[in-house]
Amino acid sequence: MPELPEVETVRRGLIQILPGRRFVDVKIRQNRLRKEIPASALRKHLPGQTVKDIRRRGKYLLIGLSQGGTILLHLGMSGVLIIDPPENDLYQHDHLLFIFDRGELRFRDPRRFGLVDWISDGHPEQHPLLASLGPEPDDPEFNLEYCLRRAFSSSRPIKNWLMDGRFVAGVGNIYASEALFAAGIRPDRPAGNLTAGEWKRLIHALRGVLKEAIEQGGTTLKDRGFKDLLGKGGRFQHHLRVYGRAGEPCTACNDPVQKVMLAGRSTFYCPACQK
DNA sequence: ATTGTCCCCTGCCCGC
DNA sequence: TGCGGGCAGGGGACAA
């Protein structure tokens with residue numbers, strides 16, 4: 001569900017609320033997510049600590065603690081964080097509850113593709129799940145030279161390349177389609193065949209799409225889709241140009257938007273506008 | 001080394 | 001109304 005803009009939306013919410021709060025308890029109702037929640041480590045290290053900072057790396061959230069250690073969170077497909085929910089509002093898929101001296105942060109994830117981990121040392125970037133992540137899309141390191149080098153001679157469709165976190169972090173199914181539309185590049189083009197000019201357009205388009213999506217608070221496709229900390233949906237679904245719009249007229253040329261499957265994922269594009 | 005397939009899990013929507 | 005199949009915004013393990 002959540003890609004970079006949605007996770008960033010959550011991060012910006014957390015940074016307004018969590019710093020200074022003190023953990024007093026951790027309640028785990030279901031510890032089998034993508035990876036088992038390290039219950040004993042969280043119970044051992046969290047109580048008494050306060051939240052120092054909240055960072056994002058790709059689709060991962062990192063909650064840094066005052067006396068060392070970091071909570072690593074990934075929302076998977078269906079995960080949401082909820083701040084200070086009403087006490088009588090506990091749901092079946094509320095798996096993890098961080099209890100603070102005032103209030104509570106809750107992790108809800110029906111599909112359990114999410115992940116919670118504990119990083120004890122001061123180098124969270126070396127965590128196995130983060131170490132192989134590519135640069136952030138807005139990192140200067142993610143530039144023309146980098147893309148040409150990492151995609152050299154690759155026959156993978158460019159959309160699959162964009163969604164591979166080892167090349168660039170945080171791009172998922174929605175924003176890959178949207179960025180390729182904005183760049184005018186067909187999603188099934190082999191990544192190794194893009195020209196320098198096309199890469200420049202793509203890098204620029206990706207950054208632009210992500211920036212606008214963050215400004216709009218992310219994408220909420222359905223009522224049950226992404227929600228921020230306070231349970232509010234995003235607004236970028238009203239700005240989507242191709243995603244989910246199969247058969248509808250292209251906003252640029254009126255030709256019908258096409259849907260194809262790439263690597264098992266729905267992919268949307270305009271055959272007239274994207275070459 | 002790169003690339004595709006399968007799988008984890010629940011819920012919803014569609015067609016029969 | 002019930003049921004099976006397919007699909008859902010992620011990503012890791014594995015095999016070819």
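Proteins come first, then strands; the chains are lettered A, B, ... in the order of their sequence lines, and each starts at number 1.
When hydrophobic clusters are built by joining Ile, Leu, Val, Met, Phe, Trp and Tyr residues whose side-chain heavy atoms come closer than 4.5 Å, directly or via intermediates, A:L129 is grouped together with A:L133. Linking Ile, Leu, Val, Met, Phe, Trp and Tyr residues whenever their side-chain heavy atoms come within less than 4.5 Å places A:I17 and A:L46 in a single cluster. There is a path of hydrophobic side-chain contacts, each under 4.5 Å, that joins A:V242 to A:L240.
Side-chain nitrogen and oxygen atoms of A:S155 include none within less than 4.0 Å of the OP1 or OP2 phosphate oxygen of B:dT2. Using a 4.0 Å cut-off, some side-chain N or O of A:Y243 falls inside it from OP1 or OP2 of C:dG9. Of the side-chain N and O atoms in A:H93, none sit less than 4.0 angstrom from OP1 or OP2 of B:dT10.
Across all strands shown, B:dC6 pairs with C:dG12; the Watson-Crick or G-U wobble distances both stay below 3.5 Å.
With B:dG4, C:dG9, C:dG11 as the choices, the nucleotide that has an atom nearest any side-chain atom of A:R34 turns out to be C:dG11. Of all nucleotides listed (B:dG11, C:dG9, C:dG11), B:dG11 comes nearest to the side chain of A:Q92.
If A:R166 and A:R111 are placed on DNA chain B by their nearest nucleotide, the residue sitting closer to the 5' end is A:R166. Nearest-nucleotide positions on DNA chain B for A:R32 and A:K222 put A:R32 closer to the 5' end.
Across all their heavy atoms, A:A179 and A:L202 have their closest contact at O-CD1, 4.1 Å.
Spacing of P atoms, B:dA1 relative to C:dG11, comes out at 23 Å, to the nearest Å. Comparing B:dC6 with C:dG6, their C1' atoms are spaced 16 Å from each other, to the whole Å. Nucleotides B:dT3 and C:dG9 are separated by 23 Å at their C1' atoms, to the nearest Å.
As rounded to whole Å, 19 Å separates atom P of B:dT10 from atom OH of A:Y91. One interatomic measurement links the two molecules: NE2 of A:H95 to C1' of B:dT10, which rounds to 9 Å at whole-angstrom precision. Put simply, CZ on A:F236 is 16 Å from P on C:dG9, counting in whole angstrom units. Between the CG atom of A:L162 and the P atom of C:dG9 there is a distance of 15 Å, given to the nearest Å. A:F226 places its CZ atom 15 Å from the C1' atom of C:dG10, with the value rounded to the nearest Å. The interatomic distance linking A:F113 (CZ) with C:dG9 (P) rounds to 11 Å, in whole Å. When rounded to the nearest whole Å, the span between CG of A:L129 and C1' of C:dG11 equals 9 Å. If you take CE of A:M163 and P of B:dT3, they are 15 Å apart, rounded to a whole angstrom.
Within the 4.0 angstrom heavy-atom criterion, only backbone atoms of the sugar-phosphate kind lie near A:Y60; the bases stay farther away. A:L115 comes within 4.0 angstrom of nothing in the nucleic acid, heavy atoms only.
Ion pairing of A:E198 with A:K275 is absent here, as no side-chain N (NZ or NE/NH1/NH2) approaches a carboxylate O to less than 4.0 Å. A salt bridge links A:D84 and A:R21; the closest N-O separation between the charged side-chain nitrogens and carboxylate oxygens is under 4.0 Å.
A donor-acceptor contact under 3.5 Å is not formed by the side chain of A:R112 with the base of B:dC9.
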